[in-house]
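Take a look at the structure below.
To find a chain, count down the sequence lines: A is the first, B the second, and so on, and within it residues start at 1.
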2 protein chains.
Amino acid sequence: MVTLSDVAKAANVSKMTVSRVINHPEQVTPELRSLVENAMAQLDYHPNSIAQALVNNRTNVVKFITFEDIDTTEPYYMNLIFGVARELTKKQYALQLVTDRTQIEEGRTDGYLITGARSSDYEMFDDLKKPFILFGENHRGFDFVDTDNQKGVKLATEYALSRLYKRIIFIGIDLKEPFEYSREAGYINTSQKHQLIPQIYRISNHSHAAQKLIEEHFAEFKKDTCFICASDRIAIGVERQLQAEGARVPEDFGVIGFDGVFLDQVANPKLTTIRQPIFKMGELLATMLLQKIAQSGSPQGEVLLEPTLIRRGSTR
Amino acid sequence: MVTLSDVAKAANVSKMTVSRVINHPEQVTPELRSLVENAMAQLDYHPNSIAQALVNNRTNVVKFITFEDIDTTEPYYMNLIFGVARELTKKQYALQLVTDRTQIEEGRTDGYLITGARSSDYEMFDDLKKPFILFGENHRGFDFVDTDNQKGVKLATEYALSRLYKRIIFIGIDLKEPFEYSREAGYINTSQKHQLIPQIYRISNHSHAAQKLIEEHFAEFKKDTCFICASDRIAIGVERQLQAEGARVPEDFGVIGFDGVFLDQVANPKLTTIRQPIFKMGELLATMLLQKIAQSGSPQGEVLLEPTLIRRGSTR
DNA sequence: TTGTATGCGTTATCAG
DNA sequence: CTGATAACGCATACAA
């Protein structure tokens with residue numbers, strides 16, 4: 001293993017000069033600097049992040065907390081985690097995936113990324129001794145990253161109208177959480193702007209719950225209705241049950257999902273959906289947390305990323 | 001932060017005694033030991049894994065390599081990763097998720113978990129300077145963990161026959177990889193045992209490829225046929241297209257999937273499937289790698305875990 | 001601007 | 001069986 005000392009010897013300087021070239025290059029003369037840089041390149045030197053971590057009282061580990069009531073097999077989270085991982089790896093950080101509440105405080109970490117937290121979990125955050133960033137809207141002032149949920153549903157609603165569906169029904173998730181309220185707000189505002197009376201159903205986030213809903217209410221639905229769903233998982237069930245009822249998708253009924261990860265492509269026809277930039281959100285989460293750590297906890301703010309409409313076969 | 005020294009002071013012993021209580025408790029007298037243990041409990045002492053890592057020349061990081069041609073949004077991998085993470089966290093290890101080939105050698109790690117590797121990737125393993133375990137069968141002598149693929153398909157085939165389907169067709173994945181050969185072998189052997197002539201199709205692992213296959217060949221399929229699929233992803237497409245063709249599932253046609261993670265439940269009716277113990281496989285991967293690291297690279301062998309048949313609505 | 005000494009928290013080595 | 005000392009690789013504080 002090549003160490004600072006090796007580089008120092010090779011460059012005929014002290015260890016400190018090498019260290020400075022890495023951390024405070026402006027404090028060393030250009031001549032020495034290039035000398036050291038050459039030596040580093042020649043020896044293929046890479047700082048030992050463990051030693052750095054020890055002396056800086058860092059762990060180079062970030063905990064990724066997933067609250068339990070979440071379905072960790074959701075493809076959604078996979079993308080998020082890979083986004084997070086990508087940024088972390090760049091900075092020689094590693095990830096500790098935590099689903100067990102007791103593991104949250106145990107062990108060492110420089111900070112937390114928290115996802116799937118419900119309002120009822122918020123009080124626990126006060127106990128956290130390290131910086132954290134939430135994944136998902138909240139109105140308590142915690143730093144967070146999310147999609148612009150309101151805008152996403154607005155895009156969907158307007159697109160449905162532009163495809164000449166006459167009625168728009170929103171099928172949301174029965175959770176009293178900010179992200180759901182935002183999505184509903186996007187629907188309600190856009191509906192009213194077009195003189196439509198909003199109609200909302202709320203169900204659990206499962207394809208079979210969606211199927212049941214459509215099955216029970218199918219008689220009430222008229223042709224030229226578009227269903228805007230709060231998730232692809234719901235949309236996939238809606239689409240399937242509409243077909244089972246003998247309805248034509250997309251000719252008579254449109255279906256629009258939300259998320260745009262994996263499931264939209266398993267559907268048939270593939271779903272028109274609002275795609276969240278989930279990978280990018282993961283990267284951003286990591287970037288923000290790393291910065292917060294570097295700045296010893298300074299607030300990073302609230303960031304909403306732009307969703308995009310993906311046009312596919314479930315709308316005409 | 002509570003350190004060894006703090007505990008040592010509290011217990012009126014030297015740091016080394018405390019260290020020994022942790023690492024070699026048999027080397028210290030019971031009296032001193034309990035004294036130290038009390039002090040540790042009282043102060044809520046936890047070893048600083050970074051300092052341990054430094055002195056042991058460890059990183060406490062394991063790289064999880066996913067080769068690129070893999071769809072990282074597959075729910076499948078999510079479960080695997082959480083299984084891995086669970087074991088690692090117990091030992092204060094963290095994870096570095098790597099999809100970028102250039103990142104494999106970069107940075108520090110104590111070992112590798114490799115998934116999605118194709119035969120063509122194997123030569124790269126020789127360059128690895130740290131221990132590694134593969135996820136997925138191979139016949140090159142590399143340590144691995146996998147499901148007993150052959151047995152899984154055997155279970156499926158025998159179950160289909162027991163449900164009185166008269167013809168069994170296997171729809172595999174068009175990959176020349178050991179896991180696929182094993183699954184086909186499970187089908188072929190069981191078929192022949194029952195005097196049936198094997199019939200195999202091979203397609204890419206996508207629901208739409210499966211739909212296309214069924215659509216093109218539907219006329220050839222007779223009633224009382226059961227399709228055994230090499231993945232739930234394929235099964236979901238088979239089931240859907242059978243229904244689209246007006247066939248009755250499960251009455252006239254049966255469908256059995258493979259994997260048993262998430263997708264089997266998105267289907268309608270839910271899939272009868274061969275469930276792989278994926279979470280457990282993840283845990284085992286981590287356990288084996290950690291052990292291999294501790295034993296400075298000694299072989300851990302090849303482990304096949306038992307799959308289980310899940311009976312659901314896609315078979316009668 | 002550069003170098004020396006010291007310490008981060010732990011463990012291995014060797015002496016007592 | 002127990003303790004003092006050095007070492008892991010690096011960075012901060014201070015001296016030159």
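Both E26(B) and A51(B) lie near DNA chain D, and the one whose nearest nucleotide falls closer to the 5' end is E26(B). Take the nearest nucleotide of DNA chain C for Y45(B) and for R20(B): the residue whose nucleotide is more 5' is Y45(B).
A cation-pi arrangement is absent between K129(A) and Y112(A) under the rule of less than 6.0 angstrom and at most 45 degrees off the ring axis.
As rounded to whole Å, 11 Å separates atom C1' of dG3(D) from atom CG of L32(B). The interatomic distance linking M16(B) (CE) with dA4(D) (C1') rounds to 10 Å, in whole Å. Atom pair I22(A):CD1 and dC10(D):C1' shows a separation of 9 Å (rounding to whole Å applied). For L35(B) and dC1(D), the CG to P distance is 17 Å, given to the nearest whole Å. If you take CG of L4(A) and P of dC8(D), they are 13 Å apart, rounded to a whole angstrom. Separating the CG atom of N12(B) from the P atom of dT2(D) is a distance of 14 Å, rounded to the nearest angstrom. Atoms NE2 (H46(B)) and C1' (dG9(C)) sit 16 Å apart, rounded to a whole Å. N57(B) places its CG atom 11 Å from the P atom of dC10(D), with the value rounded to the nearest Å.
Ring pair F67(A)/F125(A) is tilted by interplanar angle, where 30° to 60° counts as tilted. Relative orientation of the F135(B) and Y77(B) rings is perpendicular, given thresholds of 30° and 60° on the angle between their planes.
Comparing atom distances between the V28(A) side chain and each of dT2(C), dC8(C), dC10(D) picks out dT2(C) as nearest. In this structure, of dG9(D), dT1(C), dT11(C), it is dT11(C) that holds the atom nearest to the side chain of N56(B). Taking the side chain of V55(B) as heavy atoms from C-beta on, and the options dG9(D), dT1(C), dA7(D), the nearest nucleotide is dA7(D).
Phosphate contact (OP1/OP2 of dC10(D), side-chain N/O of N48(A), threshold under 4.0 Å): absent. In this structure, T17(A) reaches the dG3(C) phosphate: one of its side-chain N or O atoms is under 4.0 Å from OP1 or OP2. One finds a side-chain N or O of H24(A) lying less than 4.0 angstrom from the OP1 or OP2 phosphate oxygen of dT12(D). Put simply, S14(A) has no side-chain N or O that comes within less than 4.0 Å of OP1 or OP2 on dT4(C). For Q52(B) and dG9(C), the shortest distance from a side-chain N or O to OP1 or OP2 is not below 4.0 Å. In this structure, S19(B) does not reach the dT10(C) phosphate: none of its side-chain N or O atoms is under 4.0 Å from OP1 or OP2.
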Next item on the list: For T147(A) and Q276(A), run side chain to side chain donor-acceptor pair (under 3.5 Å): C-alpha distance rounded to whole Å, both residues' side-chain angles, the deciding distance at 0.1 Å, then the answer.
Entry: CA-CA 6 Å; T147(A) 301; Q276(A) 302 192 54; 2.4 Å; yes
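With hydrogens and angles disregarded, a donor-acceptor distance shorter than 3.5 Å links the side chain of D143(B) to the backbone of G301(B).
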